[in-house]
Protein chains: 2
Amino acid sequence: MRILKYAILGLLRKGELSGYDITNYFKEELGQFWSAKHSQIYPELKKLTDEGFIEFRTAIQGTRLEKKMYTLTESGEQELHAWLTKKDPIPETVKDEFMLKAYFISSLTQEEAVDLFTDQLLKRQLKLSDLQHSYNELIESLDQPISFSSPDFGHYLVLTKALEREKNYVTWLEDILAVMKNQQ
Amino acid sequence: MRILKYAILGLLRKGELSGYDITNYFKEELGQFWSAKHSQIYPELKKLTDEGFIEFRTAIQGTRLEKKMYTLTESGEQELHAWLTKKDPIPETVKDEFMLKAYFISSLTQEEAVDLFTDQLLKRQLKLSDLQHSYNELIESLDQPISFSSPDFGHYLVLTKALEREKNYVTWLEDILAVMKNQQ
DNA sequence: AAGTTCATGTAAGACGTTACATGATTTC
DNA sequence: GAAATCATGTAACGTCTTACATGAACTT
């Protein structure tokens, strides 16, 4: 698969970035759907350079601090485009440790289960509220209604998807808690 | 983390299973939220046995075929319960290759993007329909309305959650496709 | 008898996280 | 001057997938 490879090529599509910049992108909205640590990113940048998909120039930050600014090669652009247009099967499993626990709920008392689900609900509500805030900021920054050609369309896609995902989690948790609290 | 460890302990909570049985559970509804290949399961069973969380007896299938039937030890039950009641932070990243592509949508033409999203929509609709079918079967098999004490409550939880997840994906894809098809 | 399923294992390699390691720059 | 951030790398370890390997039992 080497999905990190494509994540890096994709991030470089708009211009040059350092490994540090790439690391930071994974801490922002993109991190909702993909991420990697710098210890994985730096070796991957080396590999992509060796393979000819990216290249770098050395820039100086301040007076002495060296950083490598990477850009896509033409071969890298082609590789990115081939991946972007490829239609993959949807994954059978999307791992979720909380849902694994939920499957084993028969090993908990009703009180323990309500406690676990209530904790999850609170955490999901908090995350939802953060995402709602980011979404509002994005919408307010637009001077036109969002459309395919908006420069922020990718940003809009990941934010709305993450938002819907969390809304859906919260609603499901609320519904299940209502069922669980019913007298048996 | 060693989540597979807990997945195995959890599956063994209701009685003895072979490694092969465990492999099959990951192909059913639980596989929506956790799975592992047999090549990962057999070594983990060995490790859990060495650690004293599970034990096995050798059973004979047919006349000669040996299989190992595993059960939880008391220590294993405690370990499972401790994990089940532990409240973890929610993960920052839930990886989704399609959403990674979505973030890079500015590198596609409108036609390519509509094509990619339409393909995803079709696949998600198909999966939704399968899940809806499994859900209907489960509901019809119940002789009482679902509740915390139903033996199938865990099954109900994973099925409803997977169903809502796919419904949510489909709705979002339809909404985005409508935006993308708008005249610029 | 052939094909599928049942059943268990190991080996190699890819992917991912935590920790180790270093040093410059900026902000308070 | 101290702390946080910028910046890049490696090492060790854990997780996960694909492939290799074998043989019994059941179904057609």
Side-chain angles (χ1 to χ4, degrees), chain A residues 1-9 11 16-28 30-31 33-51 54 56-70 83 88-89 91-97 100, chain B residues 1-8 11 16-28 30-31 33-51 54 56-70 88-89 91-97 100:
Chain A
M1 301 278 192
R2 284 189 67 195
I3 304 183
L4 177 57
K5 164 183 164 178
Y6 299 106
I8 291 174
L9 296 181
L11 284 170
E16 61 175 15
L17 295 173
S18 66
Y20 191 82
D21 295 333
I22 291 169
T23 307
N24 284 334
Y25 268 101
F26 288 131
K27 293 176 187 161
E28 301 297 314
L30 177 57
F33 298 105
W34 207 267
S35 66
K37 306 295 163 84
H38 78 273
S39 55
Q40 204 184 351
I41 293 165
Y42 289 114
E44 189 64 34
L45 285 168
K46 178 100 185 297
K47 200 171 177 190
L48 290 170
T49 306
D50 292 346
E51 291 168 333
I54 61 177
F56 68 89
R57 65 176 184 94
T58 303
I60 301 293
Q61 187 84 345
T63 52
R64 269 177 300 175
L65 183 60
E66 290 194 356
K67 58 176 180 175
K68 293 177 181 171
M69 300 304 292
Y70 291 90
W83 170 73
D88 302 299
E92 287 177 27
T93 304
V94 176
K95 291 188 173 181
D96 183 333
E97 188 177 357
L100 183 61
Chain B
M1 299 275 194
R2 283 188 67 194
I3 303 182
L4 177 58
K5 163 183 165 178
Y6 299 106
I8 290 175
L11 284 170
E16 61 174 19
L17 293 174
S18 67
Y20 190 80
D21 295 333
I22 290 169
T23 306
N24 285 332
Y25 267 100
F26 288 132
K27 292 176 185 160
E28 302 297 316
L30 177 56
F33 299 106
W34 207 267
S35 66
K37 305 293 164 82
H38 79 273
S39 56
Q40 201 183 355
I41 292 165
Y42 289 114
E44 187 65 35
L45 285 168
K46 177 98 187 299
K47 200 171 177 191
L48 290 170
T49 306
D50 292 346
E51 292 168 331
I54 61 177
F56 69 89
R57 66 177 183 92
T58 303
I60 302 294
Q61 188 84 344
T63 54
R64 270 178 298 174
L65 183 59
E66 290 193 356
K67 60 175 177 175
K68 293 178 181 171
M69 300 303 292
Y70 290 90
D88 302 300
E92 285 178 28
T93 303
V94 176
K95 291 187 174 181
D96 183 332
E97 189 178 354
L100 182 63

Between B/Leu45 and A/Ile3, just flag the one whose closest nucleotide in DNA chain C comes earlier from the 5' side.
-> B/Leu45

Do the non-hydrogen side-chain atoms of A/Trp34 and A/Ile3 ever get within less than 4.5 Å of each other?
-> yes

Write down the distance between OH (A/Tyr42) and P (D/dT10), rounded to a whole number of angstrom.
-> 11 Å

Does B/Lys68 make a side-chain N or O approach to OP1 or OP2 of C/dT8 shorter than 4.0 Å?
-> no

Counting only distance, no hydrogens or angles, is the base of C/dT8 paired donor-acceptor with the side chain of B/Ser18 under 3.5 Å?
-> no

Select one nucleotide: of C/dA19, D/dA19, D/dA25, the one nearest the side-chain heavy atoms of B/Thr63.
-> D/dA25

If you check the B/Arg2 side chain, which of C/dC15, D/dT15, C/dG9 turns out closest?
-> D/dT15

B/Gln61 side-chain N/O to C/dC6 phosphate OP1/OP2 under 4.0 Å | no

Donor-acceptor contact below 3.5 Å, side chain A/Asp21 vs main chain A/Ser18 = yes

The nucleotide from C/dG16, C/dT5, D/dA7 with an atom nearest the side chain of B/Lys95 is C/dG16

Among C/dT10, C/dC6, C/dG9, which is the nearest nucleotide to the side chain of B/Pro43?
-> C/dT10

With DNA chain C as reference, determine whether A/Ile60 or A/Leu4 sits nearer its 5' end, using the nearest nucleotide of each.
-> A/Leu4

Does A/Leu45 reach the side chain of A/Phe56, with side-chain heavy atoms less than 4.5 Å apart?
-> no

Within this structure, what is the NE2-to-P distance between B/His38 and D/dA19, rounded to whole angstrom?
-> 13 Å

Look at B/Gln40 and D/dC16 and indicate whether a side-chain polar atom (N or O) is within less than 4.0 Å of OP1 or OP2.
-> yes

Between CD of B/Glu97 and P of C/dC15 the distance, given in whole Å, is 12 Å

d(CE, B/Met1; P, C/dC15) in whole Å | 21 Å

Minimum side-chain heavy-atom gap B/Lys27-B/Asn24 below 4.5 Å | yes

Whole-Å distance separating the CD1 atom of A/Ile41 from the C1' atom of D/dA7 | 12 Å

Taking OH from B/Tyr70 and C1' from C/dG9, how many angstroms apart are they, rounded to a whole number?
-> 10 Å

Short N-O contact, A/Arg2 and A/Glu44, less than 4.0 angstrom = yes

Tell me whether the OP1 or OP2 atom of D/dG9 has a side-chain N or O from A/Lys46 closer than 4.0 Å.
-> no

Length of the line joining B/Glu44:CD and D/dT17:P, which is rounded to integer Å = 14 Å

Please determine, for the side chain of B/Arg64, which listed nucleotide (C/dG16, C/dC6, D/dA25) has the closest atom?
-> D/dA25

Of all the nucleotides listed (D/dC6, C/dT8, C/dT10), which has the minimum atom distance to the side chain of B/Tyr20?
-> C/dT8

Compare all side-chain heavy atoms of A/Ile22 with those of A/Tyr42 and state whether any distance is below 4.5 angstrom.
-> no

Could you tell me the separation between the CG atom of A/Asn24 and the C1' atom of D/dT5, rounded to a whole number of Å?
-> 10 Å

Which nucleotide in D/dT8, C/dT25, D/dA11 has an atom nearest any side-chain atom of A/Leu65 | C/dT25

Kindly point out which of C/dT10, D/dG23, C/dG16 is positioned nearest to the side chain of A/Trp34?
-> C/dG16

Nearest to the side chain of A/Lys67 - C/dA19, C/dA7, D/dA7?
-> D/dA7

